[in-house]
2 protein chains.
Amino acid sequence: MAGAEAMSKGTLYGVGVGPGDPELMTVKAWRIVSMAKVIAYLSANGGESTARKIAAPFVAEDVEEMAIDVPMKVERAPAMAAYDESAERIATKLDQGQDVVMLCEGDPFFYGSFIYVFERLASKFTTVIVPGVTSITAAAAEMGRPLCMRDDVLKVLPATLPADRLREELMTAQSAAIIKVGRHFGKVKTILSALDLYSQAIAIENATHEGQRIRKVGEIVEDALPYFTTIIVRA
Amino acid sequence: MAGAEAMSKGTLYGVGVGPGDPELMTVKAWRIVSMAKVIAYLSANGGESTARKIAAPFVAEDVEEMAIDVPMKVERAPAMAAYDESAERIATKLDQGQDVVMLCEGDPFFYGSFIYVFERLASKFTTVIVPGVTSITAAAAEMGRPLCMRDDVLKVLPATLPADRLREELMTAQSAAIIKVGRHFGKVKTILSALDLYSQAIAIENATHEGQRIRKVGEIVEDALPYFTTIIVRA
């Protein structure tokens, strides 16, 4: 249209939806998600999106959805290409003046895949981050066991780290949350045993989700656990 | 009353109210707080309770309030005596069959004073913990800066730790959140300078509260900052 004003750009929202129970979404996340016209979320290997499932009770019926299909492989190139492509699709929406609300399991800036999208778009668009409850404090709550107090050093340790690094960090932590345990459980179990930490280590699968399960590490015979397993160790 | 049934005991709720913005309370916290008949909260040195202030929009008008006045001193005995006394007051309510909802800034099990009450009562009463958004992910969100990703080791370091310990832990962290900075800022600043981490260290005072302030550590001339100051360091 001749004489039309330049459209203002949309805002990118990174919204933490918490660890699993929809009631653990914040009031702010609820407000933003329920008013969203366009939502985006990760779909690992084209499967169901956990974040989308958590937010389901709050999503409007006529919302436009953008699933970001990320191939999860050991090589990183396919995932990075998927983020490049998704960032472009999101940028197109934002350039058209539409807001895009990306749903993030847990907290967007706490080991979140949202960070890959944020890195590609934050310099060009206004971004708003809504923090969420992380899996580690949700795990402690479900276990009925304090995570850290007083002068405790708390370490968050991805189970993907080399065994030596995990061992060293565990030796000097008052409290540790080992995340992304999945297929690395065997390695983690060996380290915990060597450090005589069996009795203080508790594993939780799918915290606050369907299928939640809490067990002492010393009682688990499997060599692999679900990806969303967190082990809390208190020295 | 003769023949009265034994009253069932009340439940103790530890409810995280998040970092400061009332909208960062979870839907679950909102539900439990708004239905509470008895609430309890910490009042450091008899001053205003931050948790009470955060939850204010959701508290019922006719609620019964129990302020736990904790003397904050270097010696720990007066605080421990205050927790003993408060736990007894809360236990009396629970024994009468009334639920007690304790409001906790951030998350109840993440460096929370609630833990002192929990330790005194959890063996005798049913407890329910509602996790909350912590100050560290709220700080990252407000800074617009990811806290941790991929295989990062994240360390949460109370600024009250000895300088040597802080230095060693910082040297091997990809990401660190230094909490409870307050009067320890001078010590922390010296360590960050020695490790050449000035340019990657950002301080936030009163995250998501009134009086929020974000500055690079290298630009701060004061030797002390508010207690609720968090410094995020990314290697």
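- For the residue pair B:Q212 / B:E205, no side-chain donor-acceptor distance below 3.5 Å is found, with atom types taken as modelled.
- With a threshold of 4.5 angstrom between heavy atoms, B:E168 does not approach chain A through any atom at all.
- By the side-chain hydrogen bond (donor to acceptor under 3.5 Å, both in side chains) test, A:E169 pairs with A:K155, A:R165, B:K155, sequence neighbours left out.
- Neither the backbone nor the side chain of A:E142 comes within less than 4.5 Å of any heavy atom in chain B.
- For A:R145, the part sitting under 4.5 Å from any heavy atom of chain B is the backbone (N, CA, C, O) and nothing else.
- When the candidates B:F114, B:F118, B:Y111 are compared by the number of heavy-atom contacts under 4.5 Å with chain A, B:Y111 comes out ahead.
- Comment: A:D151 does not engage B:K180 in a salt bridge, judged by the lack of any side-chain N to carboxylate O separation of less than 4.0 angstrom.
- With respect to chain B, the highest number of heavy-atom pairs below 4.5 Å among A:T134, A:T137, A:I129, A:V128 belongs to A:T137.
- In terms of heavy-atom pairs under 4.5 Å with chain A, the best-connected choice from B:M149, B:E23, B:R31 is B:E23.
- Of the listed residues (B:P158, B:A141, B:P146), the greatest number of heavy-atom pairs within a distance under 4.5 Å of chain A belongs to B:P146.
- With a 4.5 Å cut-off on side-chain heavy atoms, B:D107 and B:V133 do not count as touching.
- Here A:L147 is the residue among A:V130, A:T208, A:I179, A:L147 with the most heavy-atom pairs under 4.5 Å with chain B.
- Between chain A and the options B:T160, B:T127, B:I136, the largest number of non-hydrogen pairs under 4.5 Å is found for B:T160.
- Looking only at side-chain heavy atoms (C-beta outward), B:R213 and B:N206 stay at 4.5 Å or farther from each other.
- Between B:Y116 and B:Y83, the angle of the ring planes stays under 30°, which puts this pair in the parallel group of the 30/60° scheme.
- Inter-residue side-chain proximity for A:I68 and A:M102 is flagged as met; some heavy-atom pair is nearer than 4.5 Å.
- Each of A:D21, A:L24, A:L157 has some count of heavy-atom pairs under 4.5 Å with chain B, and the biggest count is that of A:L24.
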